[in-house]
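Chain naming here is simple, since letters A, B, ... match the order of the sequence lines and numbering starts at 1 in each. The structure presented is a predicted model; accordingly, all values stated were derived computationally and were not measured. Side chains are part of it too, since the values below use all heavy atoms of this structure and drop only hydrogens, waters and symmetry mates.
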2 protein chains.
Amino acid sequence: MKSVLIIGTGLIGASVGLALREAGFTGSIAGIDASGDELKAAEASGAIDRAARSPEEHRAAIATADVIVLAVPVMAVLQWMQGIAPQLRPGQLVTDAGSTKSEIVGAAERLMPDNFLPGHPMAGKESGGAALAEASLFRGATWIFTPMHEATPVEVEWRGWVEKFGAKLLDMDAARHDEICAWVSHMPQMVSTAMSAMLEDKFGDSPELRAIGGRALREMTRLGSSPFSMWRDIAHTNQENIAETLLTLEQRLQHLRENLKTPELREEFGRANAFRRQL
Amino acid sequence: MKSVLIIGTGLIGASVGLALREAGFTGSIAGIDASGDELKAAEASGAIDRAARSPEEHRAAIATADVIVLAVPVMAVLQWMQGIAPQLRPGQLVTDAGSTKSEIVGAAERLMPDNFLPGHPMAGKESGGAALAEASLFRGATWIFTPMHEATPVEVEWRGWVEKFGAKLLDMDAARHDEICAWVSHMPQMVSTAMSAMLEDKFGDSPELRAIGGRALREMTRLGSSPFSMWRDIAHTNQENIAETLLTLEQRLQHLRENLKTPELREEFGRANAFRRQL
């Protein structure tokens, strides 16, 4: 692996570039981003050493890269896969950092079955952007792969770099990935969004709310500030799993609501306590 | 106000004693607690200077106190009010720190209409107990009162001490208090409990969950470790309000679930973002 192309030089993409350098990668790292500012910031920090800006530069960067990292939202991953597929050579690796995996794996099976390694680093920050990128972003984080075949030589090499980032590699089935992520990430997000939106309708900018609301309120609605742009793609590509988690929670809340004065409330608190003891 | 009796010398009660001392109160502070350990810890820290242990000592402490602070869970507040009422003299003040106010106000109207000032300091910690008590616990916190009459001289004096604790006083109607607390405190608690209990049933001690779950999961389920003992009383004495918030959230989640792929999802994220901008 002598040359890497990072498509999407935001928080994750630029952190991959910085982590590669810190791990000792001495080859070239090119970058592509829809935002000229993100591209400049990634260049300035040393996350990439070459920005590809025009369609011609894009084509040249894609043609010469040994590994292409797609670090953009899921829909953009799918679009880039379509654009890249006709140009791929045998032995080139395309990998991604998309939040859902089943649709991406489906597209890869049609477009580039031998060249694609689906990935998902479980890392991030409250805000995005190349300016917040860090070489240490993946240290101690789980980096999931949902492989489509036995690892090719370049895949083995890429996995080695990810290990050098300090990440813990975890292989699983794409469908299982999307199911678990619906429960541990997408459901909590949708609940926080629903709670925040409901409280906005109920209280608007009432000063009473601010005087009385404490840590519980701030914490349970923190994810309410998440941007729609990213979550639209996740909702679109993991709809069935997310819908199942929400329906299950609706039923659970109904059950709790109907048992506020019965011994079943104690049982629910007991189960919740048990969950937290193991987390 | 020369003598104070604190009934319940846990986190809140012992912090009241310490805050009184730091604010310059030089009278006597007696303490009562069902747990001998809590009582000892409160004595050791100087939160109280006299522990009343036997029923005879209890009666004497109640008879001699100018102000009696009930810093116990709501059901215990109601029980203590019944026990104290027959002994009260004109001019004595009973105040409390219970999490819900309507039932307590109802009991006070029957038992001690002229002596009672319902209160609720919006302060606490993740764990309770006298050992964690601090004189500064109420600094910057809102301390709600839901007064039943024009302030009597001893009430005016007690409010003055609470201000010296550094708390921000806020008067409101007891019914309004219970409604708002249902939305900003009780609903988030019940949601976190339901989510935690549901995840316990779904995943048990699966290692995958721990590998993949991040800050969102930990944060949205943190309140799942809350003890039933405290929340049973809140659920019992604010059932209708809590049920209304849960039903509203169930409907909101259903709406979101049915719109994961429609433009309405953008609207919900927009409302949630607006709520968070003002929080």
Is the shortest side-chain heavy-atom distance between [X] and [Y] below 4.5 Å?
X: B/Ser185; Y: A/Leu217; answer: no
X: A/Leu209; Y: B/Phe275; answer: yes
X: B/Met195; Y: A/Val191; answer: yes
X: A/Gln278; Y: B/Arg210; answer: yes

Name the region of [X], side chain, backbone, both or neither, that has any atom closer than 4.5 Å to a heavy atom of chain B.
X: A/Gln189; answer: side chain
X: A/Lys202; answer: side chain
X: A/Leu253; answer: both
X: A/Ser192; answer: both
X: A/Ile144; answer: side chain
X: A/Arg266; answer: both
X: A/Glu179; answer: side chain
X: A/Leu265; answer: both

Would you compute the distance between atom [atom1] of [X] and atom [atom2] of [Y] and round it to the nearest 0.5 angstrom?
X: B/Leu246; Y: A/Leu260; atom1: CG; atom2: CG; answer: 6.5 Å
X: B/Asn273; Y: A/Phe228; atom1: CG; atom2: CZ; answer: 10.5 Å
X: A/Thr248; Y: B/Met198; atom1: OG1; atom2: CE; answer: 6.0 Å

Charged N-O contact under 4.0 Å between A/Glu244 and B/Arg257: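 Result for this pair is no, no salt bridge flagged.
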Would you mind checking if A/Glu208 and B/Arg176 are paired as a salt bridge, meaning a charged N to carboxylate O distance below 4.0 Å?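 Yes, this pair counts.
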Would you mind telling me which of A/His120, A/His236, A/Met172, A/His255 has the largest number of heavy-atom pairs within less than 4.5 Å of chain B?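 With the most close heavy-atom pairs to chain B, the winner is A/His236.
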Can you list the steps and then say if B/Asp201 with A/Arg252 is a side chain to side chain contact (heavy atoms under 4.5 Å, CB included)? CA-CA 11 Å; B/Asp201 280 359; A/Arg252 199 95 190 189; 2.9 Å; yes
B/Met190/A/Phe269 under side chain to side chain contact (heavy atoms under 4.5 Å, CB included): CA gap, chis, key distance, verdict: CA-CA 9 Å; B/Met190 296 304 167; A/Phe269 270 77; 4.1 Å; yes
Any donor-acceptor pair under 3.5 Å linking the side chain of B/Arg222 with the backbone of A/Met220?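 Not a single qualifying donor-acceptor pair exists.
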